[in-house]
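The model shown is predicted, which means the values in this text are computed figures rather than measured ones.
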Amino acid sequence: MFERFHHDARQAVVLAQENARTLHHDIIGTEHLLLGLLAQPDALSARVLGRHGLDHDRARQSVISLVGQKPEDALDADALESIGIDLSAIREKVEAAFGPGALDRKPRTNRRGHLLSGHVPFSSRAKKTLELSLREAINLKHRHIADGHLLLGILREGEGLASRVIADAGIDSAALRREIVSELG
């Protein structure tokens with residue numbers, strides 16, 4: 001399916017994964033797809049949502065208030081200690097093997113600044129949203145999937161956190177849908 005994605009739609013998926021990592025979430029949900037769309041201010045979805053008052057920063061704050069943001073070190077030292085795991089002893093051994101501050105180093109990035117850490121899987125709702133974006137493109141008789149189709153997929157799925165962020169921003173999803181379809185031509 002991804003071979004049908006235009007650059008802006010592919011970039012939205014890449015940015016969704018980066019947003020999930022930045023928020024230290026273990027899975028890419030519809031909220032991360034929305035953040036990926038909004039992280040491209042010149043793309044159709046971000047422009048239309050922006051006209052309705054929703055931008056990346058506002059959506060990100062909404063996601064954090066709904067889901068939270070795991071701290072960088074999400075391990076609870078006391079809980080681990082209660083089952084016999086001593087984090088300071090682990091830190092000492094890692095630093096002895098890999099050098100001082102080995103656990104404090106920033107993750108590696110590629111030339112574009114994208115994180116090289118492992119793959120973050122999609123939630124079932126996010127997968128459904130991607131499938132629905134393909135259906136939206138087919139219904140509109142388009143041979144490609146653009147970022148607008150991804151937004152239509154989010155709206156059609158209707159139950160994920162992205163839909164809640166849109167609704168909490170006071171945006172009428174039916175009106176937004178008509179506007180996106182009109183913009184897509």
To the nearest 0.5 Å, how far apart are [atom1] in [X] and [atom2] in [Y]?
X: Leu15; Y: Arg10; atom1: CG; atom2: CZ; answer: 14.0 Å
X: Leu33; Y: Asn19; atom1: CG; atom2: CG; answer: 10.0 Å
X: Asp55; Y: Gln61; atom1: CG; atom2: CD; answer: 10.5 Å
X: Ile145; Y: Leu152; atom1: CD1; atom2: CG; answer: 11.5 Å
X: Arg60; Y: Leu38; atom1: CZ; atom2: CG; answer: 12.5 Å
X: Gln40; Y: Leu35; atom1: CD; atom2: CG; answer: 12.0 Å

Val63 side chain reached by Leu34 side chain, heavy atoms, under 4.5 Å: no

Contact check, side chains of Val13 and Phe122, non-hydrogen atoms, under 4.5 Å: yes

Would you give me the side-chain donor-acceptor pairs under 3.5 Å for residues 158-169, sequence neighbours excluded?
unit_1	atom_1	unit_2	atom_2	d
Ser163	OG	Ile154	O	3.3

In terms of hydrophobic clustering (I, L, V, M, F, W, Y; side-chain heavy atoms under 4.5 Å; direct or indirect links), are [X] and [Y] co-clustered?
X: Leu44; Y: Leu37; result: yes
X: Ile138; Y: Val181; result: yes
X: Ile27; Y: Leu23; result: no

Given Arg135, Lys128, Arg125, Lys127, the one that forms salt bridge (Lys or Arg N to Asp or Glu O under 4.0 Å) with Glu157: Arg125

Under 3.5 Å donor-acceptor, Arg58 side chain and Gly53 backbone: yes

Test item: Thr22 side-chain N/O and Glu18 main-chain N/O as donor-acceptor pair under 3.5 Å: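 Checked: pair present.
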
If you compare all heavy atoms of [X] against all heavy atoms of [Y], which two are closest, and at what distance to 0.1 Å?
X: Ile180; Y: Gly148; result: CG2-O, 3.6 Å
X: Ser62; Y: Ser65; result: O-OG, 2.8 Å
X: Ala12; Y: Leu150; result: CB-CD1, 3.9 Å
X: Ala146; Y: Leu184; result: CB-CD2, 4.4 Å
X: Gly29; Y: Ser123; result: CA-OG, 3.6 Å

Verdict with reasoning, Phe5 to Leu130, per side chain to side chain contact (heavy atoms under 4.5 Å, CB included): CA-CA 10 Å; Phe5 277 52; Leu130 295 173; 4.2 Å; yes

Ring pair (Phe, Tyr, Trp, His ring centres under 6.0 Å) partners of residues 29-55, not counting sequence neighbours, each pair once: His25-His32

For Ser45, all residues meeting side chain to side chain donor-acceptor pair (under 3.5 Å), sequence neighbours excluded: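 For Ser45, the residues satisfying side chain to side chain donor-acceptor pair (under 3.5 Å) (neighbours in sequence not counted) are Asp147.
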
ring-ring contact (aromatic ring centres under 6.0 Å, His included) partners of His149, counting only residues at least two apart: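 Listed in chain order: His142, His144.
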
Worked verdict on Leu155 versus Leu132 for side chain to side chain contact (heavy atoms under 4.5 Å, CB included): CA-CA 9 Å; Leu155 295 173; Leu132 291 171; over 6 Å; no

Salt bridge Glu136-Arg177, side-chain N to carboxylate O under 4.0 Å: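 Between Arg177 and Glu136 there is a salt bridge, with a charged N closer than 4.0 Å to a carboxylate O.
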
Residues that Arg51 engages under salt bridge (charged side-chain N to carboxylate O under 4.0 Å, His left out), provided they are two or more places apart: Glu179, Glu183

Salt bridge (charged side-chain N to carboxylate O under 4.0 Å, His left out) involving Arg47 - partner list, sequence neighbours excluded: none

